[in-house]
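What follows is a short report on a single structure.
Every value quoted in this text rests on a predicted model; they were computed, and no experiment measured them.
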Amino acid sequence: QVQLVESGGGLVQAGDSLRLSCAASGRTFSTYAMGWFRQAPGKEREFVAAISWIGSGTYYAESVKGRFTISRDNAKNTVYLQMNSLKPEDTAVYYCAAGLAPSTVRTRPDYWGQGTQVTVAS
């Protein structure tokens, strides 16, 4: 069992940066691939980024490629999402997710966090 707690959301202006954090419980954090998803009002939840067990592989949605960076610190059981050049269309609830492999965390995560709101004002 893995419990995930996101933090770092907030209200920012277009063009600003924000870093989300996701703290995971348990001693098996390094055995999970991690991911970030988001859900905007009235829309389905969508994949944003994923990272492999030791961070050697990263994957991004086209809409955030070049602006967002996912990273992890296995010593701190934490995964991060650095978001730069934020746009109003990035406004959403952002969810942290964990899965056994990068391929599955992008499509069928095993665990979800509760989400953190990111609002980008124009």
Side-chain angles (χ1 to χ4, degrees):
Q1 188 78 8
V2 177
Q3 293 184 327
L4 306 171
V5 179
E6 302 96 333
S7 62
L11 171 64
V12 297
Q13 298 295 314
D16 285 352
S17 297
L18 203 60
R19 189 176 81 157
L20 305 182
S21 299
C22 172
S25 65
R27 292 177 288 181
T28 60
F29 177 72
S30 61
T31 66
Y32 286 92
M34 300 297 296
W36 287 96
F37 289 73
R38 66 186 181 186
Q39 186 168 20
K43 295 187 177 182
E44 293 187 355
R45 190 175 300 188
E46 64 175 1
F47 167 76
V48 174
I51 189 167
S52 61
W53 309 272
I54 59 173
S56 56
T58 56
Y59 313 85
Y60 297 95
E62 284 299 321
S63 59
V64 306
K65 199 172 290 186
R67 299 188 298 123
F68 290 12
T69 302
I70 188 171
S71 62
R72 67 189 296 163
D73 185 339
N74 286 347
K76 296 182 178 180
N77 280 14
T78 302
V79 62
Y80 305 96
L81 185 67
Q82 177 67 43
M83 305 185 293
N84 298 329
S85 303
L86 282 162
K87 306 175 181 179
E89 51 263 43
D90 293 319
T91 295
V93 177
Y94 282 72
Y95 297 91
C96 178
L100 294 178
S103 57
T104 55
V105 78
R106 283 181 282 176
T107 56
R108 304 184 307 277
D110 296 299
Y111 303 100
W112 293 95
Q114 83 290 348
T116 185
Q117 176 71 46
V118 172
T119 303
V120 184
S122 58

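- The backbone N or O of T91 lies less than 3.5 Å from no partner atom in the side chain of T119, so there is not a single donor-acceptor pair.
- A donor-acceptor contact shorter than 3.5 Å is absent between the side chain of Q39 and the backbone of A92.
- Inter-residue side-chain proximity for L100 and D110 is flagged as met; some heavy-atom pair is nearer than 4.5 Å.
- Among residues at least two apart or in separate chains, disulfide (SG to SG under 2.5 Å) pairs with a member in residues 72-122 are C22-C96.
- Side-chain heavy atoms closer than 4.5 Å link hydrophobic residues (I, L, V, M, F, W, Y) into clusters, and following such links, even through other members, never connects L20 to V93.
- Among the candidates Q82, M83, K76, the single residue satisfying the side chain to side chain contact (heavy atoms under 4.5 Å, CB included) test with Y80 is K76.
- Nearest heavy-atom pair, A24 versus V2, reported as atom, atom and distance to 0.1 Å: CB-CG1, 4.2 Å.
- The OG atom of S30 sits 8.0 Å away from atom CG of N77, with the distance rounded to the nearest 0.5 Å.
- In this structure, I51 is a member of the same hydrophobic cluster as L18, with clusters built from ILVMFWY side-chain heavy atoms closer than 4.5 Å.
- Annotation: side chain of P109 is not in contact with side chain of Y95 (no heavy-atom distance under 4.5 Å).
- Between the side chain of W112 and the main chain of L4, no donor-acceptor pair closer than 3.5 Å is present.
- V120 is connected to W36 through a chain of hydrophobic side-chain contacts under 4.5 Å among Ile, Leu, Val, Met, Phe, Trp and Tyr, so both are in one cluster.
- For the residue pair N84 and S17, the shortest heavy atom distance occurs at OD1-OG, 2.9 Å.
- S122 OG to K87 NZ: the interatomic distance, rounded to the nearest 0.5 Å, is 14.0 Å.
- Within the 3.5 Å criterion, the main-chain N or O of P102 finds a donor-acceptor partner in the side chain of R106.
- A search for side-chain contact (heavy atoms from CB on, under 4.5 Å) contacts involving V64 returns R38, V48, Y60, A61, R67, F68, not counting sequence neighbours.
- Between the side chain of S25 and the main chain of Q3, a donor-acceptor pair closer than 3.5 Å is present.
- A chain of hydrophobic side-chain contacts below 4.5 Å, direct or via other Ile, Leu, Val, Met, Phe, Trp or Tyr residues, connects M34 to Y111.
- Put simply, OG1 on T58 and CZ on R72 are 12.0 Å apart, with the number rounded to the nearest 0.5 Å.
- The side-chain hydrogen bond (donor to acceptor under 3.5 Å, both in side chains) search around S56 returns S52, not counting sequence neighbours.
- Here the CG-CH2 distance, from N74 to W53, works out to 12.0 Å after rounding to the nearest 0.5 Å.
- Heavy-atom minimum distance, L81 versus Y94: CD2-CD2, 4.1 Å.
- Under the 4.5 Å side-chain heavy-atom criterion for grouping Ile, Leu, Val, Met, Phe, Trp and Tyr, I70 is not connected to V105 through any hydrophobic cluster.
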